[in-house]
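One-based numbering, in listed order, for ligands and for the atoms of each.
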Amino acid sequence: MTADKAKRIGFIGLENMGLWMATNLAEKLPVNSKLYVFDIVTALMHDVCAKYPEKALACSGPKDVAEKSDIIITMLPEGKHVKEVYMGRNGICSSDVNNKLLVDCSTIDTASFLEVKDHITKHFPSASIYDAPVSGGVIGAKKGTIAFFLGCAKENTEIDKLKQLLGLMGEEVIPCGCPSLGLAAKLSNNYLSGIIAIACSEAMDMGMRSGLDPRVLSQVFAAGTAQNTICDRFNPVPGVYADAPSSNGYQNGFKVQLMKKDFSLALDMARRVGSTNVLGDVGLETYRGASEDERCRDLDSRIVFRYLGGNENWQVER
Ligand code: NAD
């Protein structure tokens, strides 16, 4: 991003993912840039501002962020939060966002995104809004290696600007075709990732119960036809991959409730478009059960290993 452009960036939603995405922006934006941040949990904004006192400034709400910024990025849990932040009282759209670039990175249902987009197109015809959900987890957000699935064509006139902006927070930007297709891509991805995490937990468990060291088992999967990113970098068994949330008390990952939400959104989408999912109902039931289980709630979604009865104490027992 060149020094004369995008000096005023707003960022709303600063917890697991947003914190690191905003941190990458604060680290990489030119010195004269400002990052206007907001979260309803005020401590989260104050942490970012204390770390980057020259660049990051706390705001009083989404409207305040919008008034001060030329580009606004949102990273919120669900469609209802996105609608509230954009169209609610003191929301982004209470200020004039004409000529501004708005990017929603949340994983939400396509209908909520299109409702916000229609509202903006109607009231602020020269504003642009894109869906740009991400993949890569909190580890990827921290390292700046996440991928963005962008709801626009690769020929879009703003593509270079978007790639420059998103490139400050991630490695890959994939234009998916048109508005809301970034979200359709993300939901398809999370359906697959959620199913793999359950299958990986079950396969690790059966191998471990048969006497295998889980580190050897993950090496076997990595070398064979079962190779997958969940096993390699997000292994559900504690102590297999040091950076995985499972090795850190299943903290700071992708909350199991968010996986349940994405899985459910993916199944709604599948039904709407007439796609058959033989694994869908059982997958959703597993994530719903884990979300409601107090041993699992609020922890990384790979906690399904615990939910399904996996042995987390294997290191002590060996
Ligand atoms: P999170 O719950 O950790 O953070 C969301 C933040 O939004 C919280 O700090 C919350 O206080 C804030 N918020 C909620 N309502 C608000 C409002 N009205 N105004 C201002 N702030 C508000 O969620 P997360 O893990 O960072 O995920 C954010 C989105 O990204 C979700 O849609 C999730 O599905 C998606 N996602 C998460 C991961 C992951 O690994 N955590 C990975 C990819 C995508």
Side-chain angles (χ1 to χ4, degrees), residues 10-24 36-48 58-66 72-94 103-110 112-113 116 131-143 145-149 169-170 172 182-183 185-194 197 229-230 233-234 243-246 248 250-266 287 291 297-303:
F11 201 106
I12 302 176
L14 296 165
E15 205 178 335
N16 281 317
M17 295 295 285
L19 167 70
W20 297 113
M21 291 164 71
T23 299
N24 270 300
Y36 295 100
V37 296
F38 178 69
D39 195 293
I40 39 172
V41 180
T42 49
L44 293 171
M45 328 186 239
H46 294 310
D47 286 351
V48 178
C59 290
S60 59
K63 182 182 179 199
D64 190 24
V65 172
I72 302 152
I73 299 166
T74 45
M75 192 50 166
L76 301 157
E78 296 178 36
K80 64 182 179 197
H81 305 110
V82 172
K83 287 202 270 188
E84 187 191 327
V85 162
Y86 280 89
M87 304 189 296
R89 209 168 146 261
N90 278 323
I92 290 172
C93 297
S94 335
V103 184
D104 181 38
C105 296
S106 325
T107 306
I108 60 169
D109 56 298
T110 52
S112 294
F113 174 75
V116 172
D131 53 314
V134 311
S135 189
V138 177
I139 305 169
K142 190 172 179 179
K143 291 184 177 167
T145 57
I146 48 179
F148 290 86
F149 310 139
M169 298 174 281
E172 207 172 349
L183 282 165
K186 170 66 183 169
L187 295 179
S188 308
N189 178 81
N190 277 26
Y191 175 80
L192 181 55
S193 158
T229 300
I230 298 297
R233 295 195 290 119
F234 297 89
D243 274 354
S246 62
N248 299 288
Y250 295 93
Q251 299 288 339
N252 302 322
F254 180 53
K255 283 180 198 158
V256 68
Q257 302 96 290
L258 290 179
M259 178 56 94
K260 188 204 84 183
K261 171 205 64 151
D262 289 1
F263 211 89
S264 172
L265 293 177
Y287 285 114
S291 298
R297 192 170 172 76
D298 286 329
L299 297 176
D300 177 72
S301 60
R302 273 59 61 146
I303 196 71

Numbering as shown, the atoms of ligand 1 that approach [X] to under 4.0 Å (heavy-atom distance):
{"X": "Phe38", "answer": "19 (N), 20 (C)"}
{"X": "Val41", "answer": "11 (O)"}
{"X": "Val138", "answer": "40 (O), 41 (N)"}
{"X": "Lys255", "answer": "2 (O), 3 (O)"}
{"X": "Lys261", "answer": "31 (C), 32 (O), 33 (C), 34 (O)"}
{"X": "Pro77", "answer": "5 (C), 7 (O), 14 (C), 31 (C), 32 (O)"}

Between [X] and ligand 1, find which residue part has any heavy-atom pair under 4.0 Å and reply side chain, backbone, both or neither.
{"X": "Met17", "result": "both"}
{"X": "Asn16", "result": "both"}
{"X": "Ile12", "result": "side chain"}
{"X": "Glu84", "result": "side chain"}
{"X": "Leu44", "result": "side chain"}

With side chains defined as the heavy atoms from C-beta onward, is the minimum distance between [X] and [Y] less than 4.5 Å?
{"X": "Phe11", "Y": "Tyr36", "answer": "no"}
{"X": "Val85", "Y": "Leu76", "answer": "yes"}
{"X": "Ile230", "Y": "Ser193", "answer": "yes"}
{"X": "Phe254", "Y": "Asp262", "answer": "yes"}
{"X": "Asp300", "Y": "Phe234", "answer": "no"}

Considering only protein heavy atoms, which is closest to [atom], and at what distance to one decimal place?
{"atom": "atom 21 (N) of ligand 1", "value": "Ile40 N, 3.5 Å"}
{"atom": "atom 43 (C) of ligand 1", "value": "Val134 O, 3.4 Å"}
{"atom": "atom 29 (C) of ligand 1", "value": "Leu76 O, 3.3 Å"}
{"atom": "atom 30 (O) of ligand 1", "value": "Met75 CE, 3.0 Å"}
{"atom": "atom 23 (O) of ligand 1", "value": "Leu258 CD1, 3.9 Å"}
{"atom": "atom 40 (O) of ligand 1", "value": "Phe254 CB, 3.2 Å"}
{"atom": "atom 4 (O) of ligand 1", "value": "Glu15 CB, 3.2 Å"}
{"atom": "atom 35 (C) of ligand 1", "value": "Thr107 OG1, 3.5 Å"}

Leu44, Asp47, Thr23, Val41 screened by side chain to side chain contact (heavy atoms under 4.5 Å, CB included) with Leu14, the one that passes: Leu44
Candidates Lys186, Met75, Met169, Glu172 - the one meeting side chain to side chain contact (heavy atoms under 4.5 Å, CB included) with Val134: Met75
Find the distance between [atom1] ([X]) and [atom2] ([Y]) and round it off to the nearest 0.5 Å.
{"X": "Leu183", "Y": "Phe113", "atom1": "CG", "atom2": "CZ", "result": "7.0 Å"}
{"X": "Ser112", "Y": "His81", "atom1": "OG", "atom2": "NE2", "result": "11.0 Å"}
{"X": "Phe38", "Y": "Ile92", "atom1": "CZ", "atom2": "CD1", "result": "10.5 Å"}

Crowding at NZ, Lys142 (>12 non-hydrogen neighbours, <6.0 Å): no
Test side-chain hydrogen bond (donor to acceptor under 3.5 Å, both in side chains) applied to Ser60 and Asp64, step by step: CA-CA 6 Å; Ser60 59; Asp64 190 24; 3.2 Å; yes
Gly137 touching ligand 1 at heavy-atom level, < 4.0 angstrom: yes
Proximal candidate to atom 9 (O) of ligand 1 [heavy atom criterion; set Asp39, Leu19, Val37, Asp104]: Asp39
Check ion pair Lys261-Asp109 (N to O, under 4.0 angstrom): no
Short N or O distance, Glu78 and ligand 1, threshold 3.5 Å exclusive: no
N or O contact, Val85 vs ligand 1, cut-off under 3.5 Å: no
Donor-acceptor side-chain pairing of Asp298 and Gln257 below 3.5 angstrom: yes
